[in-house]
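To start, the structure itself, in structure tokens.
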There are 2 protein chains.
Amino acid sequence: MTLDDRKLKILHAIIRNYLETGEPVGSRTISKYTDLNLSSATIRNEMSDLEEMGFIVQPHTSAGRIPSDKGYRLYVDSMMEIKDKEIEELKEVILEKEEKVERMLKSVAKVLASNTNYATMISAPAIQGNRVKFLQLSRMDDNQILAVVVADGNVIKNNIIPVSEKISDETLLKLNLLLNTNLCGKSIDEINLSVITAMKQQAGIHQDVVSDVIDALAESIKTEEDLQIYTSGATNIFKYPELADNQKASDIIHTLEEKQQLTELVNETLSDETNTGIQVYIGDEAPIQSMKDCSIVTATYDLGDGMRGTIGIVGPKRMDYDKVVSTLKNITHQLDDMYKK
Amino acid sequence: MTLDDRKLKILHAIIRNYLETGEPVGSRTISKYTDLNLSSATIRNEMSDLEEMGFIVQPHTSAGRIPSDKGYRLYVDSMMEIKDKEIEELKEVILEKEEKVERMLKSVAKVLASNTNYATMISAPAIQGNRVKFLQLSRMDDNQILAVVVADGNVIKNNIIPVSEKISDETLLKLNLLLNTNLCGKSIDEINLSVITAMKQQAGIHQDVVSDVIDALAESIKTEEDLQIYTSGATNIFKYPELADNQKASDIIHTLEEKQQLTELVNETLSDETNTGIQVYIGDEAPIQSMKDCSIVTATYDLGDGMRGTIGIVGPKRMDYDKVVSTLKNITHQLDDMYKK
DNA sequence: GTTAGCACTCCACCCTTTTGAGTGCTAACA
DNA sequence: TGTTAGCACTCAAAAGGGTGGAGTGCTAAC
């Protein structure tokens with residue numbers, strides 16, 4: 001059996017109708033509300049074929065048909081040429097250019113959620129090739145030294161280091177020079193034991209301080225193993241009856257709240273550098289058990305300096321793929337643009 | 001009518017039973033499962049009285065009784081002498097002494113949620129009387145200066161300030177001296193316009209840098225208007241049928257997710273410095289509309305340096321007040337202790 | 001290849017009945 | 001006067017039963 005043009009048209013009609021209503025769609029509906037001019041009986045025959053081919057399924061005998069995961073997949077794939085709609089609101093939010101990336105991301109998640117009526121997640125950029133850019137010790141008081149480390153992507157970490165005795169201004173100056181000359185421009189891999197021991201030797205009696213700084217540095221530089229993820233609009237789930245069942249909703253929201261499992265998803269999307277940056281997971285395709293009744297659309301953004309992150313939208317399988325994909329395209333473009341200048 | 005000892009016993013029995021089962025409790029149950037040795041008929045008479053007094057209500061005629069908010073209030077008040085149970089798990093978490101307060105608080109929320117089976121929230125300490133402790137400018141490269149501000153409670157803020165032309169080492173040294181002498185030990189109120197203009201005058205051609213530093217400082221020092229709140233275990237709500245109704249659950253979880261309304265609650269508890277630090281809001285008593293079917297138990301912790309925050313537990317009205325209160329007592333003590341040394 | 005017609009299926013809805021837990025009231029008892 | 005047994009009554013929730021509608025598969029005719 002071959003999936004000819006007419007079958008394709010009927011399949012599309014079924015899916016679009018189901019996306020709108022969420023109800024199983026029958027032959028009569030298709031016959032009436034398309035310009036195919038076919039009777040319901042003919043549609044029935046075609047639908048029977050489509051079911052046999054696995055694109056649609058019947059929830060029970062004598063109910064209409066709903067798209068299977070395979071059907072969605074076909075639809076999504078054939079829909080991937082996207083118009084560039086404007087999403088004014090989003091534009092505005094981003095253009096406000098909030099100083100802190102974190103806060104910006106949170107509001108993107110929020111706006112996106114209220115805009116689309118789905119749940120959203122956004123991962124903070126995970127720095128990849130990470131180098132020390134700048135490094136500074138200063139004395140807060142006699143017993144405390146403040147260490148500031150700036151890494152690629154202007155990620156700043158502070159650490160307060162307690163010292164047993166006052167460190168003189170000259171010593172501090174020396175240590176700063178020592179650390180900067182030895183560490184600036186180096187990535188975490190390049191700071192090996194020999195570098196460290198060499199530094200300690202030069203530091204003389206202030207070895208302890210050097211150790212502490214190295215520790216602080218290690219922490220600030222390592223690709224945060226638990227990457228930050230912000231979610232929003234989890235309760236939008238309740239707007240879709242097929243997910244609003246207590247058990248399902250609880251599982252989904254819990255997953256969004258816990259975030260643990262989301263990191264897997266993020267890592268997966270980030271590692272895949274092939275396509276346009278938009279990926280659609282339908283049902284079981286996503287590596288998240290609790291979301292087997294959902295679809296997840298993800299996009300990757302790039303802020304330069306190797307700072308890449310993921311935006312994701314979680315909704316019912318019958319989500320408005322069209323809108324979601326173009327919204328995501330739009331928003332990632334804006335993010336990319338914004339930091340490119 | 002007077003609330004004599006027998007009535008009290010019956011009321012307690014009703015509440016305890018309802019806390020366990022979540023079902024309206026009838027006269028027969030009380031008659032059988034207490035050591036009062038009274039027939040159900042007698043209990044009925046007493047219950048009728050208790051209802052008239054407003055301690056219990058009937059969801060509908062010919063159903064058992066459930067406690068009213070007033071009834072819960074009586075119960076909670078008379079229960080407030082608490083045993084100090086150990087909660088080993090919590091102890092361990094806190095004793096791990098995670099370097100970052102933020103992360104520590106998150107895990108406290110998490111453990112607390114999984115321990116109690118209720119939803120939890122915890123607010124990061126809001127600094128109160130806030131003074132500049134230390135201040136440092138350093139040159140990252142020719143076009144960027146890094147400003148670090150340390151405030152009371154070792155709250156550190158960084159700001160990268162772009163400059164149009166290179167600032168020499170001496171100038172930087174001067175500016176540092178200027179800023180520190182003028183601003184250290186000052187609270188936000190004390191940094192008024194005259195201080196700022198005086199500083200600008202002394203800064204000469206580097207007024208711009210001074211302005212920028214002042215801005216960074218203002219931001220770091222002000223009591224963050226949007227205080228950080230972490231929540232966990234929102235989906236525990238689903239474990240209680242009386243809250244698991246879609247509309248209610250959605251509202252509650254949304255409130256927990258949005259956090260906006262929680263700040264009101266936090267501010268209210270923080271401002272009330274009267275009692276033991278534990279407060280119980282039953283139903284409408286809390287300033288959060290969506291939680292009118294819940295009870296909220298809050299506790300205040302104090303990390304010294306005027307850093308105070310709130311821990312809250314949100315559950316059904318029939319929550320296990322006993323356990324919750326002692327758990328909270330315990331945890332706040334531990335937090336207080338931990339930072340006291 | 002397309003269509004009309006028909007028999008059949010099954011869910012969703014409404015209505016009724018049944019059941020069980022619980023109450024209020026009254027009369028009897030200590 | 002307080003306590004108890006008994007009984008009639010109420011109501012929500014569960015269990016049945018019937019109906020209608022939407023939808024299908026199949027067959028025969030065009």
Side-chain angles (χ1 to χ4, degrees), chain A residues 1-11 13-15 17-18 20-68 71 241-242 244-245, chain B residues 1-11 13-15 17-18 20-68 71 241-242 244-245:
Chain A
M1 201 163 355
T2 159
L3 189 66
D4 57 19
D5 194 50
R6 195 173 73 175
K7 281 192 174 54
L8 208 58
K9 272 187 184 153
I10 294 177
L11 181 57
I14 294 174
I15 295 180
N17 192 288
Y18 182 68
E20 271 177 38
T21 65
E23 297 291 316
V25 19
S27 52
R28 193 124 181 291
T29 318
I30 301 299
S31 148
K32 272 201 293 192
Y33 299 108
T34 59
D35 43 5
L36 290 168
N37 282 324
L38 292 171
S39 79
S40 64
T42 311
I43 305 288
R44 275 205 287 286
N45 290 331
E46 297 288 41
M47 280 167 95
S48 175
D49 291 353
L50 284 171
E51 180 162 12
E52 201 177 318
M53 286 191 267
F55 292 112
I56 51 181
V57 290
Q58 262 182 302
H60 54 85
T61 32
S62 83
R65 309 299 217 287
I66 63 174
S68 67
E242 64 266 47
D245 157 63
Chain B
M1 200 163 357
T2 159
L3 190 65
D4 57 18
D5 194 50
R6 195 171 74 175
K7 282 192 173 53
L8 209 57
K9 272 186 184 154
I10 293 176
L11 180 58
I14 293 173
I15 296 179
N17 192 289
Y18 183 68
E20 270 177 37
T21 65
E23 296 291 317
V25 20
S27 53
R28 193 125 180 289
T29 317
I30 301 298
S31 148
K32 272 202 292 194
Y33 299 107
T34 59
D35 45 4
L36 289 168
N37 282 326
L38 291 172
S39 80
S40 64
T42 311
I43 304 289
R44 274 205 288 286
N45 290 332
E46 297 289 41
M47 279 167 94
S48 174
D49 290 355
L50 284 169
E51 180 162 12
E52 202 177 318
M53 287 191 269
F55 292 111
I56 51 181
V57 291
Q58 263 182 302
H60 55 85
T61 31
S62 83
R65 309 299 217 287
I66 63 175
S68 68
E242 64 267 45
D245 158 64

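Being a predicted model, the structure only gives us computed values, none of them experimental. All chains are named by letter (A, B, ...) in the order of the sequence lines, taking the proteins before the strands, and each is independently numbered beginning at 1.
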* Under the side-chain hydrogen bond (donor to acceptor under 3.5 Å, both in side chains) test, which residues partner B:Glu23, sequence neighbours left out? -> none
* To do: If a pair satisfies salt bridge (charged side-chain N to carboxylate O under 4.0 Å, His left out) and one of its residues is in residues 42-59 of chain A, list it, with sequence neighbours excluded.
  => A:Arg6-A:Glu46, A:Lys7-A:Glu46, A:Lys7-A:Asp49, A:Glu51-A:Arg65
* Structure fact -> Hits for salt bridge (Lys or Arg N to Asp or Glu O under 4.0 Å) against A:Glu20, two or more places apart or cross-chain, chain-then-number order -> none
* Asked: Can you list the residues that meet the side-chain hydrogen bond (donor to acceptor under 3.5 Å, both in side chains) rule with A:Thr21, with sequence neighbours excluded?
  -> none
* Asked: Quick one: does A:Leu3's side chain get under 4.5 Å of A:Leu50's, heavy atoms only?
  -> yes
* Asked: Dot-bracket, DNA chain D: Watson-Crick or G-U, under 3.5 angstrom, [ ] crossing, | other strand?
  -> ||||||||||||||||||||||||||||||
* Indicate the atoms forming the closest heavy-atom contact of A:Thr34 with A:Ile30, along with that distance. => OG1-O, 2.8 Å
* Asked: Do the side chains of B:Ile14 and B:Phe55 get nearer than 4.5 Å, heavy atoms only?
  -> no
* Asked: Reckon A:Arg65 has a side-chain N or O less than 4.0 Å from the OP1 or OP2 of D:dG25?
  -> yes
* Considering residues at least two apart in sequence or located in another chain, which fulfil the side-chain hydrogen bond (donor to acceptor under 3.5 Å, both in side chains) criterion with A:Ser62? -> none
* Could you tell me which residues satisfy salt bridge (Lys or Arg N to Asp or Glu O under 4.0 Å) with A:Asp5, sequence neighbours excluded, listed by chain and number? => A:Lys9
* **Rounded distance (Å) that lies between atom C1' of C:dG1 and atom CG of A:Asp49** => 13 Å
* Structure fact -> Atom CG of A:Asp5 and atom P of C:dG1 are separated, to the nearest Å, by 17 Å
* Structure fact -> Separation of C:dT23 atom C1' from B:Glu52 atom CD, nearest Å, is 15 Å
* Structure fact -> Rounded to whole Å, CD1 of A:Ile43 lies from C1' of C:dG5 at a distance of 18 Å
* **Nucleic acid contacts - residues 24-36 of chain B versus DNA chain C, non-hydrogen atoms under 4.0 Å** => B:Gly26, B:Ser27
* To do: Figure out the CD/C1' separation between A:Glu51 and D:dT24, and round it to whole Å.
  => 10 Å
Between the protein and nucleotides 1-4 of chain D, which nitrogen or oxygen pairs are less than 3.5 angstrom apart?
unit_1, atom_1, unit_2, atom_2, d
D:dT3, OP1, B:Arg6, NH1, 2.7
D:dT3, OP2, B:Arg6, NH1, 3.4
D:dT3, OP2, B:Arg6, NH2, 3.0
D:dT4, OP2, B:Ser39, N, 3.2
D:dT4, OP2, B:Thr42, OG1, 2.7

* Is the side chain of A:Ser68 donor-acceptor paired with the backbone N or O of A:Val57 at a distance under 3.5 Å, no angle test? -> no
* Sequence neighbours left out, what pairs pass salt bridge (charged side-chain N to carboxylate O under 4.0 Å, His left out) with at least one residue falling in residues 33-43 of chain B? => none
Please enumerate all protein N or O atoms sitting under 3.5 Å from an N or O of nucleotides 7-11 of chain D, with distances to 0.1 Å.
unit_1, atom_1, unit_2, atom_2, d
D:dT10, O2, B:Ser62, OG, 2.6
D:dC11, O4', B:Ser62, OG, 3.0

* To do: Send over the distance from A:Ile10 CD1 to C:dG1 P, rounded to a whole Å.
  => 14 Å
* By side-chain contact (heavy atoms from CB on, under 4.5 Å), which residues pair with B:Asn45, not counting sequence neighbours? -> none
* Return yes if some donor-acceptor pair links the side-chain N/O of A:Ser31 with the main-chain N/O of A:Leu38 below 3.5 Å, else return no. => yes
